[in-house]
Q: 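Next up is a structure, given as structure tokens.
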Amino acid sequence: MTKAFRLIASTGIHKGDREYQQDQVALFAHPRVNGCVLGVVADGMGGRSGGRKASDQVMLTARQLFERYAPETDDPAAVLKHMVEEAHVVIRLTAISAEQEPHSTMAAFLINPGGDCHWAHAGDSRIYHFQGARLVFRTNDHSYVQALVDRGEITEAEANTHPQSNILVGCLGTESDPPVTMHLIPRLQPGDTLLACSDGIWHYFSPAELGAVLDQLTPREATEFLIDKARSRARGGGDNLSLAVVKIEALTETAKPRTPGGH
């Protein structure tokens, strides 16, 4: 029998030092199935209206497909892949009337009631899985510098300060189909934390720093702390910032029900 657990979650978003907000972040609770949650981060690019249109399309597509998702019969990995591909097509269609080429990243995780968790990402928005403060796994960016790291030409630390660190090799809305990388956590455990975020957040922290913050703070406190700290480390040159945090807690029979933190 599966141990009962609860999800405590929060999202955070800030425009940073940019004139306008092109990031989007959301946590969706399934309309019919308790314990089924979708988290999505989208970092839009392409002019004032283009980038925002692109990230809006990601959110709209993700929500619509998630509302139709039936956990007991549908393949969650296929549904996530379909979200990326569908959002890509919609963004390509809106590009016809946009002033600039709208593009967007997408990082999404889907938690099923049984505790299995499925990921899909395209671009350089990331998902991290921590157990306590320890990093278990994170996504690999579809970016130029990640390719250099993979080939052993530069280190992870050098990648963060590389002058071409913002160049993506794949995302949604480009002429070629987006790369979609999938990941599966067979069963989430109490003490696990999921973090999905745009590069405006992860660029300023090591995995060890992120793990320590997420381990010690509630999701609501963690989102506020990470945004504040990223803002100060950016020294006036910060990107849009967005993140979603979900913590898994064990349900004990004696525990009184509490309302989840955040929103």
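Throughout, residue positions are numbered sequentially from 1 according to the sequence presented.
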Q: Once rounded to the nearest 0.5 Å, what's the spacing between atom CG of Leu110 and atom CE of Met83?
A: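 Between atom CG of Leu110 and atom CE of Met83 there are 6.0 Å.
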Q: Distance check, rounded to the nearest 0.5 Å: His82 atom NE2 versus Tyr69 atom OH?
A: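 So the gap between those two atoms works out to 14.0 Å.
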Q: So, does Asp215 use its side chain to make a donor-acceptor pair with the main chain of Gly211 at under 3.5 Å?
A: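 No; zero donor-acceptor contacts below 3.5 Å.
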Q: With no hydrogens and no angle check, do the side chains of Thr174 and His103 hold a donor and an acceptor under 3.5 Å apart?
A: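 No, His103 and Thr174 have no side-chain donor paired with an acceptor closer than 3.5 Å.
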Q: Counting C-beta onward and ignoring hydrogens, is there a side-chain heavy-atom pair between Leu241 and Ile13 closer than 4.5 Å?
A: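 They are not in side-chain contact.
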Q: Do Glu67 and Phe28 pass the side-chain contact (heavy atoms from CB on, under 4.5 Å) test, and can you show the C-alpha distance, the side-chain angles, and the key distance before you say yes or no?
A: CA-CA 9 Å; Glu67 285 174 356; Phe28 301 112; over 6 Å; no
Q: So, taking the atom named CG in Asp192 and the one named CD in Glu249, what distance separates them when rounded to the nearest 0.5 Å?
A: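 Atom-to-atom, Asp192:CG and Glu249:CD are 12.0 Å apart.
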Q: Roughly how far, to the nearest 0.5 Å, is CD1 of Ile91 from CG of Asp56?
A: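 Spacing of CG (Asp56) from CD1 (Ile91) equals 10.0 Å.
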Q: I need the Ile127 CD1 to Thr181 OG1 distance, nearest 0.5 Å.
A: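 Taking CD1 in Ile127 and OG1 in Thr181, the distance rounds to 10.0 Å.
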Q: Could I get the full list of side chain to side chain contact (heavy atoms under 4.5 Å, CB included) partners for Gln216, not counting sequence neighbours?
A: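 In terms of side chain to side chain contact (heavy atoms under 4.5 Å, CB included), with neighbours along the sequence ignored, Gln216 is linked to Ala212.
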Q: Say you draw a straight line from CD of Gln22 to CG of Asn240; how long is it, rounded to the nearest 0.5 Å?
A: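 Going from CD on Gln22 over to CG on Asn240, the span is 6.0 Å.
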Q: Is there a donor-acceptor pair closer than 3.5 Å between any side-chain N or O of His203 and the backbone N or O of Asn160?
A: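 Flag set: sc His203 to bb Asn160 pair under 3.5 Å.
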Q: Within the 4.5 Å heavy-atom criterion, are Thr11 and Leu243 side-chain neighbours or not?
A: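 The answer is no, as the side chains (C-beta and beyond) never meet within the 4.5 Å cut-off.
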Q: Got a sec: does the CD of Glu72 have more than 12 other heavy atoms crowding it under 6.0 Å?
A: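 For Glu72, atom CD is crowded (more than 12 foreign heavy atoms under 6.0 Å).
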Q: Could you walk me through whether Asp116 and Ile185 pass side-chain contact (heavy atoms from CB on, under 4.5 Å), step by step?
A: CA-CA 6 Å; Asp116 52 309; Ile185 305 169; over 6 Å; no
Q: Looking only at atom types and distance, does a side-chain atom of Thr61 sit under 3.5 Å from a main-chain N or O of Val58, one as donor and one as acceptor?
A: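 Not a single qualifying donor-acceptor pair exists.
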Q: Are more than 12 heavy atoms from other residues, nucleotides or ligands located less than 6.0 Å from atom CG of Asp150?
A: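 Yes - once you tally the heavy atoms of other residues, nucleotides and ligands closer than 6.0 Å, there are more than 12.
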Q: Applying side chain to side chain contact (heavy atoms under 4.5 Å, CB included), can you list everything that pairs with Arg138, at least two apart in sequence or on another chain?
A: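 For Arg138, the residues satisfying side chain to side chain contact (heavy atoms under 4.5 Å, CB included) (neighbours in sequence not counted) are Arg126, Tyr128, Leu135, Asn140, Asp141, Gln146, Glu156.
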Q: So do the side chains of Val136 and Phe130 get within less than 4.5 Å of each other, counting heavy atoms only?
A: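 They are not in side-chain contact.
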Q: Looking at Ala62 and Met106, what are the two nearest heavy atoms and their distance?
A: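 In this case the closest contact between Ala62 and Met106 is CB-CE, 4.4 Å.
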Q: The test is ring pair (Phe, Tyr, Trp, His ring centres under 6.0 Å); show your working for Phe109 and His118 and say whether it passes.
A: CA-CA 6 Å; Phe109 59 84; His118 305 258; over 10 Å; no
Q: Taking side chain to side chain donor-acceptor pair (under 3.5 Å) as the criterion, tell me which of Ser242, Ser55, Ser104 meets it with Asp23.
A: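 The single option meeting the side chain to side chain donor-acceptor pair (under 3.5 Å) with Asp23 is Ser242.
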Q: Could you give all pairs that pass the salt bridge (Lys or Arg N to Asp or Glu O under 4.0 Å) test and reach residues 230-243, with sequence neighbours left out?
A: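 Applying salt bridge (Lys or Arg N to Asp or Glu O under 4.0 Å) to every pair that reaches into residues 230-243, excluding sequence neighbours, yields Asp17-Arg231, Arg18-Asp239, Glu209-Arg233.
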Q: Only one of Ser198, Cys171, Cys197 passes side chain to side chain contact (heavy atoms under 4.5 Å, CB included) with Asp43; say which it is.
A: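 The option that passes is Ser198.
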Q: So that I know where these two stand, are His129 and His183 an aromatic pair - ring centroids less than 6.0 Å apart?
A: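 They do not qualify: ring centres at least 6.0 Å apart.
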Q: Just so I know, are the side chains of Gln24 and Arg52 near enough to count as touching, which here means a heavy-atom distance under 4.5 Å?
A: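 In short, these two side chains touch, coming nearer than 4.5 Å.
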